[in-house]
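Order of appearance sets the numbers: ligands from 1, and atoms from 1 within every ligand.
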Amino acid sequence: MSTQKHYTGLIERYRDRLPVNETTRIISLNEGNTPLIQLQNIPRLIGKSVDIYVKFEGLNPTGSFKDRGMTMAVTKAVEAGSQAIICASTGNTSAAAAAYAARAGIKAFVLIPDGKIALGKLAQTLMYGAEIIQINGNFDKGMALVKEVAEHAPVTIVNSINPFRIDGQKTAAFEIVDELGFAPDYHCLPVGNAGNITAYWKGYKEYSTDSATHKAVTAKRPIMCGYQAAGAAPFVAGHMIDEPETIATAIRIGHPQSWDFAWAAQKESGGWFDKFTDEQILAAHKMLSQYEGIFCEPASATSLAGALHDIGSGKIPEGSKIVCTLTGNGLKDPDTAISQCAAAHPVTIEASLDAVKRVILDCL
Ligand SMILES: *Cc1c(COP(=O)(O)O)cnc(C)c1O
């Protein structure tokens with residue numbers, strides 16, 4: 001029999017730093033423990049001596065980092081006796097909420113924007129059996145409605161305004177420090193609602209002290225770089241945006257809920273916000289697939305688009321150790337991926353050895 005401890009999810013792993021006790025029923029799908037992959041070809045391609053690691057959160061059970069927050073939020077909702085959860089979502093929160101509700105045996109209601117949800121996310125949410133409420137309006141409108149309805153119906157909000165979501169998500173920073181043995185110099189993230197940048201910063205701060213003695217174990221924390229899509233960049237504008245627009249639907253948000261926390265992360269870490277066009281985001285998206293074999297969502301690639309830009313300009317100096325979070329799996333949004341590829345409609349040839357051989361020899 002194996003003596004190795006079975007991996008049971010991030011709540012078990014980081015129990016001493018999360019709000020659970022011995023009697024809490026943990027609702028888990030063995031989330032977390034995602035790979036931190038060092039990029040090998042892209043640094044060489046850009047001719048810079050930097051260590052870039054990607055934290056591939058697309059390998060969580062429902063394919064995004066939202067699972068980290070959802071295991072905590074649903075665990076605490078069930079502990080409090082809640083029979084139903086609700087969220088507004090650009091897709092990934094609804095997929096995660098639906099899955100963890102199914103696991104817990106409670107109901108999930110999800111408000112999604114009309115038409116702007118990636119195909120994979122919709123398929124998941126339908127399969128996990130959530131009640132889908134599609135609204136005539138964008139994410140921000142859905143979020144406002146969810147906050148209102150939770151005051152009038154017995155449902156627990158599991159958007160990232162739920163503090164347990166942030167607590168679950170902060171464990172990604174713990175994993176990075178555990179794996180590298182130190183905090184990176186820079187941490188780059190796509191920013192939408194800004195829950196994740198809030199969570200990472202909280203995680204890095206907490207992990208620099210011992211959980212039992214609260215004594216400092218290290219002074220090192222990363223500089224936080226929050227990157228947005230050009231058409232949905234309230235942190236760059238310095239104010240909320242009413243009609244956010246970007247192909248990266250997961251960050252198509254104009255009224256971020258974690259506004260103050262994200263500004264605190266930027267200021268305390270000495271970091272910055274910046275914005276990138278859909279073209280720059282899609283270029284990084286394709287680069288990761290074609291040069292590293294890592295297929296993430298368009299929104300996720302915003303972290304690398306930003307890092308590459310800031311490495312190129314020297315804002316992030318050579319010799320730096322950089323972590324980019326890849327927030328979701330590329331399979332979530334097959335339509336955007338296919339539309340980027342010229343070979344999506346390959347020419348058809350005769351089914352013969354000769355014809356196939358000719359194609360191969362032509363390519364080499
Ligand atoms: C939710 C999400 C984001 C944005 O995270 P926030 O916490 O809202 O800033 C980015 N990428 C993907 C794939 C997401 O699902």
Side-chain angles (χ1 to χ4, degrees), residues 31 34 54-70 73 87-97 99 110 112-113 116-118 120-122 124-125 138-140 142-143 158-163 165-170 172-173 187-203 224-229 232-235 244 246-259 261-263 265-266 273 275-276 281 284-285 288 295-306 324-333 336-337:
E31 56 294 309
T34 55
V54 294
K55 180 71 170 158
F56 194 14
E57 290 289 279
L59 295 185
N60 274 298
T62 78
S64 88
F65 76 82
K66 301 298 199 298
D67 293 345
R68 289 184 187 274
M70 211 52 77
C87 64
S89 177
T90 62
N92 281 334
T93 301
S94 64
V110 305
I112 58 171
K116 291 282 172 123
I117 180 164
K121 305 176 188 184
L122 187 61
Q124 289 180 290
T125 309
N138 62 18
F139 170 85
D140 299 310
M143 190 66 239
V158 293
N159 281 103
S160 55
I161 54 171
N162 178 327
R165 277 276 309 274
I166 305 296
D167 268 325
Q169 286 169 214
K170 74 186 178 188
H187 192 115
C188 306
L189 282 159
V191 174
N193 230 354
N196 216 24
I197 194 168
T198 299
Y200 272 92
W201 183 239
K202 185 166 197 254
M224 303 299 291
C225 308
Y227 298 129
Q228 303 209 278
F235 285 102
T246 170
I247 195 156
T249 51
I251 51 172
R252 187 170 166 265
I253 293 171
H255 288 242
Q257 297 297 312
S258 295
W259 181 255
F261 291 127
W263 280 114
Q266 176 264 320
F273 294 107
K275 60 178 181 181
F276 297 93
I281 292 168
H285 182 227
L288 272 167
F295 185 27
C296 65
E297 273 192 55
S300 309
T302 311
S303 58
L304 183 71
C324 294
T325 298
L326 300 182
T327 44
N329 195 301
L331 295 172
K332 294 271 194 177
D333 191 355
T336 304

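- At under 3.5 Å, not a single nitrogen or oxygen of Ser64, backbone or side chain, sits near a nitrogen or oxygen of ligand 1.
- Formation of a donor-acceptor pair under 3.5 Å by the Asn60 side chain with backbone atoms of Thr62 is not found in this model.
- For the pair Val191 and ligand 1, the shortest N or O to N or O distance does not fall below 3.5 Å.
- For atom 9 (O) of ligand 1, the candidate residues are Pro256, Ser160, Ala194; the nearest heavy-atom contact is made by Ala194.
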Apply salt bridge (Lys or Arg N to Asp or Glu O under 4.0 Å) to residues Lys66 and Glu31 and explain how you reach the verdict. CA-CA 10 Å; Lys66 301 298 199 298; Glu31 56 294 309; over 6 Å; no
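- Relative ring orientation between Phe235 and Phe273 is described as parallel, the plane-to-plane angle staying below 30° on a 0-90° scale split at 30° and 60°.
- With a heavy-atom cut-off of 4.0 Å, Asn92 touches ligand 1 through its side chain alone.
- Polar contact check, Ile251 against ligand 1: no nitrogen or oxygen pair lies under 3.5 Å apart.
- Ligand 1 has an N or O atom lying under 3.5 Å from an N or O atom of Lys66, backbone or side chain.
- Put simply, the residue from Asp140, Thr198, Asn193 that forms a side-chain contact (heavy atoms from CB on, under 4.5 Å) with Gln257 is Asn193.
- Distances between N or O atoms of Phe65 and those of ligand 1 include no value under 3.5 Å.
- Counting all heavy atoms, side chain and backbone alike, Pro244 lies closest to Gly254 at CG-N, 3.5 Å.
- In this structure, Arg165 contributes its side chain and Val158 its backbone to a donor-acceptor pair below 3.5 Å.
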